[in-house]
Number of protein chains: 2
Amino acid sequence: MHCHATHSTTLTEPKTGRPAPSETDLEPRIAKLFDPRQPVRHVLPDHSILLQGEPADTLYQIVSGTVRCCTFSEDGVRQIFRFAGAGDYLGFADFETWHFTAEAVDHVILRAVPRPRAEAAIAQNPSLQVALRAMMVRGLAARERHMFMLAYMPAEDRLYRFLTDLAARRGASGFTVLPMKRRDIADHIGLTFETVSRGFSSLKRKRAIEMRGNDRFRIHSDDLLLAA
Amino acid sequence: MHCHATHSTTLTEPKTGRPAPSETDLEPRIAKLFDPRQPVRHVLPDHSILLQGEPADTLYQIVSGTVRCCTFSEDGVRQIFRFAGAGDYLGFADFETWHFTAEAVDHVILRAVPRPRAEAAIAQNPSLQVALRAMMVRGLAARERHMFMLAYMPAEDRLYRFLTDLAARRGASGFTVLPMKRRDIADHIGLTFETVSRGFSSLKRKRAIEMRGNDRFRIHSDDLLLAA
DNA sequence: CGTATCATTGATGGGGCTCAACACGCGTGG
DNA sequence: CCACGCGTGTTGAGCCCCATCAATGATACG
């Protein structure tokens, strides 16, 4: 029983990507861990930021750019379980070694903080702990939502939801930049890049999306979509 | 590019379900939140423990039995993102309202603690916070592992891995009880119950598993499996 | 024995993977 | 300037795995 409506299902999330009220208040407490002026790291497209299995001795905040967080199976299949963007954090889901690999999709700028210092600050700051737990709760729910997509949604719906979620996170109306390649999208939503490409074509054909070049898109209103 | 070997891929987890050393030390601290003698709740098979959307005013520890944690899409499709068993906890991934529904698979016995009391205890106990964060980290990794399965593994491999993981969690060698129905398994690994059933038959035929009735199974060694 | 629930097995069709060809932009170097 | 290669994206043809629909067993319970 697949999801008929292309724009289907948000499960029960408040709305896509909208942080809970508590989150809005608490997020700055996490950001304070990072010195807003100091150590900044630049990473070029397709270069790795951190490697699965290596010591997780640093935490990062993404200043700008897009990061793909992925794991590789023994036979080299890549699974991107998350795209992280400006304002997101890397490293709070590990203690000793990284359980995933992070790579730059485009030019990425990071702020870094050594783990010992961060952990010490966390230990002394109860409201920071609450903020962290809230962040991880959102991470759990996001992964469950993604699991549902992988298990039950047909190809085109997966792509449509990926695009709407991305546009919602970027916030601004109008065209949204699509920093990643078709292959990256495919490895994220569990398809081949050919199927992703067909999905783009199909969505364009039925006026669900509009594209400028192949790295900018815009979602059309649901009303238009229903007419198709 | 599917996973050829039936016993394939653990990604990079230490080993199935084995808690990290830190976890072994810290887990009792979470357990201490629950009074080992007092308020116990019994839930009959297929009855609900907590409902998506309702206030999350209680935390639970599972004393015995198996719980399915699931979400429902608008059109009624069920996704079981986790089976929780004896020793597992429910409720640390929410603050105000439940983001999922928990139902008893078999007869379930729970210990409960009111959230305000638990949160107060957490706020005052730093090492408990560390334990909680470790638990949530494991939850994140488990969901990512599951995402990989849903995205890339063929039906039979999914079932085989589900069974091996279950047997590993139960620990004891010999036959393992399978508390849930085919339909539950299907909704967990993203298949239909018919395909799950065919998977059982196929695994039996090639001597990968052995069954006693249809609710007890045993995994055969990989050596035997390779010979098939 | 009749009924209900669950599991198994078969037949059929379709969605997406695979293999393959082609289009397009962009760089380099003749 | 055009040729050529290369990376990326699109489109087509064919096939296979799994969802779907359907029928038959198996077991428990009245």
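All of these numbers come straight from a predicted model, not from anything done at the bench. Letters A, B, ... are given to chains in the order of the sequence lines, protein chains preceding strands, and every chain is numbered from 1. When reading the values below, keep in mind they use all heavy atoms of this one structure, side chains included, and skip hydrogens, waters and symmetry mates.
Atom CG of B:Leu203 is separated from atom C1' of C:dT9 by 16 Å (rounded to the nearest Å).
Between A:Asp187 and A:Lys181 there is no salt bridge, since none of the side-chain N atoms of the basic residue sits less than 4.0 Å from a carboxylate O of the acidic one.
Across every non-hydrogen atom of A:Arg82 and A:Arg143, the tightest pair is CD-NH2, 4.3 Å.
Listed by first then second residue, pairs satisfying salt bridge (Lys or Arg N to Asp or Glu O under 4.0 Å) with a partner in residues 49-60 of chain A number zero, not counting sequence neighbours.
Relative ring orientation between A:His188 and A:His146 is described as tilted, the plane-to-plane angle lying within the 30° to 60° band.
Distance from the side chain of B:Glu194 is smallest for D:dA22 among the nucleotides C:dT18, D:dA22, D:dC18. Of all nucleotides listed (D:dT20, C:dG16, D:dC18), D:dC18 comes nearest to the side chain of B:Ala155. Nearest to the side-chain atoms of B:Thr195 among the listed nucleotides D:dC18, C:dT8, C:dA11 stands D:dC18.
As judged by a 4.0 angstrom heavy-atom cut-off over every strand, B:Phe193 is placed among the base-contacting residues.
Summarising the local packing, CZ of B:Arg183 is surrounded by 12 or fewer heavy atoms from other residues, nucleotides or ligands at distances under 6.0 Å.
Contacts between residues 176-192 of chain B and DNA chain C, defined by a heavy-atom separation under 4.0 Å, are made by B:Lys181, B:Arg182.
OP1 or OP2 of C:dT8 has at least one side-chain nitrogen or oxygen of B:Ser197 nearer than 4.0 Å.
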